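To start, the structure under review is shown below, and the notes come after it.
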Amino acid sequence: MPAKGKHRRPKSQRLTRSIAAAGTGGAALALPLMGAAGAHAATPTAAVSGASEKTITATPEKGAAEQVAAKKKATKTYTVKAGDYLAKIADEQDVQGGWKRLYSDNRSVIGSDPSLIHPGLKLAIGGKAAKAGLSQSSTKAPSTQSSKPSEASKTSASPTQDVADTSAGQAAASNSSGFSLPIEGATIGTAYKTAGSMWSSGYHTGVDFVAPTGTSLKAVGAGTVVSAGWGGAYGNQVVIKLADGYYAQYAHLSSIGVSAGQSVTGGQQIGLSGATGNVTGPHLHFEIRTTPDYGSDIDPLAYLRSKGVTV
């Protein structure tokens with residue numbers, strides 16, 4: 001009996017070990033399957049997540065680069081020619097917002113007065129002007145014109161080349177007598193001493209030469225510029241002290257080509273006619289005065305005739 005009992009116990013122990021081994025084996029088989037499934041499930045998710053992150057990161061950078069490139073392409077530079085004014089440039093260049101937008105974008109170059117632009121000035125079309133680069137060009141233009149008028153005329157755009165050459169020829173012709181007309185090819189509008197309540201003095205203190213905006217204006221004789229800039233109702237104006245002590249005033253200019261303190265010769269271009277200030281249309285208001293101030297006027301046509309100029 002004891003022998004039979006001994007035989008049963010080992011069998012029982014072997015069975016227990018087999019079940020335990022089988023259980024262990026089952027667990028061992030299950031774990032790799034769960035791990036593999038987990039690994040396969042995680043892999044595509046990680047891949048998609050990575051791709052999404054790359055796409056999200058790249059899209060804004062590409063969009064910003066395209067916007068910068070488009071902006072650079074849209075902005076261009078325009079060089080002012082003789083006879084130009086902001087409204088004309090804005091219309092020809094299709095500037096959205098008209099001359100006011102053009103002036104706003106180029107205020108750092110033009111300055112506080114939108115009427116004061118000169119040939120050679122560079123304006124940004126379709127974007128803000130770079131103050132440093134463009135203002136440098138604008139400051140060079142007047143100094144070049146002051147010291148070498150003929151060279152300044154050559155730097156103007158080709159459509160105004162003939163006008164510049166004509167002005168140079170007229171300057172040479174006027175040097176023989178020393179005096180010339182302030183404007184060529186214009187008709188006389190309002191005469192000197194015409195009475196009217198619209199003038200504070202009760203009469204017209206100068207003579208009006210009717211001419212389209214952008215017509216060349218000349219110094220009637222040699223002298224020194226005493227003022228050049230905004231003159232209230234006169235708009236853009238230039239006043240020159242002539243060699244004989246009299247003063248010549250030019251008013252309503254669209255562009256000023258000289259500066260205060262500059263010496264000029266008879267027939268030299270000093271600016272362009274326009275319609276700035278208190279006007280009803282483009283013309284040159286011309287006066288001869290005994291002083292640089294308002295109210296000291298004399299008959300301008302009589303003065304020119306006394307200098308041998310045919311009016």
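Here the structure is a predicted model, which is why all the values come from computation and not from measurement. Residue indices begin at 1 and follow the sequence shown.
- Residues Asp297 and Tyr203 have side chains in contact (heavy-atom distance under 4.5 Å, counting atoms from C-beta outward).
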Verdict with reasoning, Leu121 to Val109, per side-chain contact (heavy atoms from CB on, under 4.5 Å): CA-CA 8 Å; Leu121 186 68; Val109 176; 3.3 Å; yes
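- Taking 4.5 Å as the limit, every side-chain heavy atom of Lys218 sits out of range of all side-chain heavy atoms of Pro182.
- With values rounded to the nearest 0.5 angstrom, Gln249 atom CD is found 9.0 Å from Leu284 atom CG.
- Around atom CZ of Arg305, more than 12 heavy atoms belonging to other residues, nucleotides or ligands sit under 6.0 Å away.
- Each of Tyr192 and Tyr246 belongs to its own hydrophobic cluster when Ile, Leu, Val, Met, Phe, Trp and Tyr are linked at side-chain heavy-atom distances under 4.5 angstrom.
- At a threshold of 4.0 Å, the pair Arg289-Asp293 does not count as salt-bridged, since none of the basic side-chain nitrogens sits closer than that to a carboxylate oxygen.
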Evaluate side-chain contact (heavy atoms from CB on, under 4.5 Å) for Ser108 paired with Lys128, printing each intermediate quantity in order. CA-CA 9 Å; Ser108 61; Lys128 289 284 185 181; over 6 Å; no
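- Scanning both residues, Pro212 and Ser273, for their nearest heavy atoms gives O-OG, 2.8 Å.
- Two residues are said to be in side-chain contact when any heavy atoms from C-beta on lie closer than 4.5 Å; Val239 and Val225 fail this criterion.
- Closest non-hydrogen pair, Thr224 versus Ser263, comes out as OG1-OG, 4.2 Å.
- Counting heavy atoms from C-beta outward, His252 and His283 have side chains that approach closer than 4.5 Å.
- A donor-acceptor pair under 3.5 Å is formed between the side chain of Gln262 and the backbone N or O of Ser259.
- Taken to the nearest 0.5 Å, the CZ atom of Phe179 stands 5.0 Å off from the CG atom of Asp244.
- Contact detail for Thr213 and Gly274: the closest heavy-atom pair is OG1-CA, 3.8 Å.
- Using a 4.5 Å heavy-atom cutoff, the side chains of Val207 and Ile188 are in contact.
- When side chains are defined from C-beta on, Tyr250 counts as touching Ile240, because their heavy atoms get closer than 4.5 Å.
- In this structure, Leu304 and Val220 have side chains that are in contact, with non-hydrogen atoms separated by less than 4.5 Å.
- Atoms OH and OG1, from Tyr247 and Thr291 in turn, are 7.0 Å apart once rounded to the nearest 0.5 Å.
- Hydrophobic cluster membership is shared by Ile288 and Val311, with clusters built from Ile, Leu, Val, Met, Phe, Trp and Tyr side chains linked at under 4.5 angstrom.
- Using modelled atom types, one side-chain atom of Thr276 and one backbone atom of Asn236 make a donor-acceptor pair closer than 3.5 Å.
- Contact record, Ser254 with Gly214: OG-N, 4.1 Å, taken as the closest heavy-atom pair.
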In sequence, state the C-alpha distance, the side-chain angles, and the governing distance for Val258 and Val264, and then conclude on side-chain contact (heavy atoms from CB on, under 4.5 Å). CA-CA 9 Å; Val258 292; Val264 295; 4.2 Å; yes
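- Among all heavy-atom pairs drawn from Leu242 and Ala248, the shortest one is CD1-CB, 4.2 Å.
- To the nearest 0.5 Å, the span separating OG on Ser255 from CG on Leu253 amounts to 7.5 Å.
- Leu301 and Asp299 make their closest contact through N-OD1, 3.1 Å (heavy atoms, listed as atom of the first residue, atom of the second, distance).
- To the nearest 0.5 Å, atom CD1 of residue Ile89 and atom CH2 of residue Trp99 are 12.5 Å apart.
- A distance of 12.0 Å separates OG1 of Thr205 from CZ of Phe286, quoted to the nearest 0.5 Å.
- The cluster map of Ile, Leu, Val, Met, Phe, Trp and Tyr, joined by side-chain heavy atoms under 4.5 Å apart, puts Leu217 and Tyr234 in different clusters.
- When the side-chain contact (heavy atoms from CB on, under 4.5 Å) test is applied to Ala275, the partners found at least two apart in sequence or on another chain are Val279, Pro282.
- Under the side-chain contact (heavy atoms from CB on, under 4.5 Å) test applied with Leu123, the options Thr77, Asn106, Val95, Asp105 reduce to a single match, Asn106.
- Here the side chains of His285 and Gln237 are not in contact, with every heavy-atom distance at 4.5 Å or above.
- Under the 4.5 Å side-chain heavy-atom criterion for Ile, Leu, Val, Met, Phe, Trp and Tyr, Leu181 and Ile298 are members of the same hydrophobic cluster.
- No side-chain donor-acceptor contact under 3.5 Å links Glu287 and Tyr303.
- The backbone N or O of Thr265 lies less than 3.5 Å from a partner atom in the side chain of Gln268, making a donor-acceptor pair.
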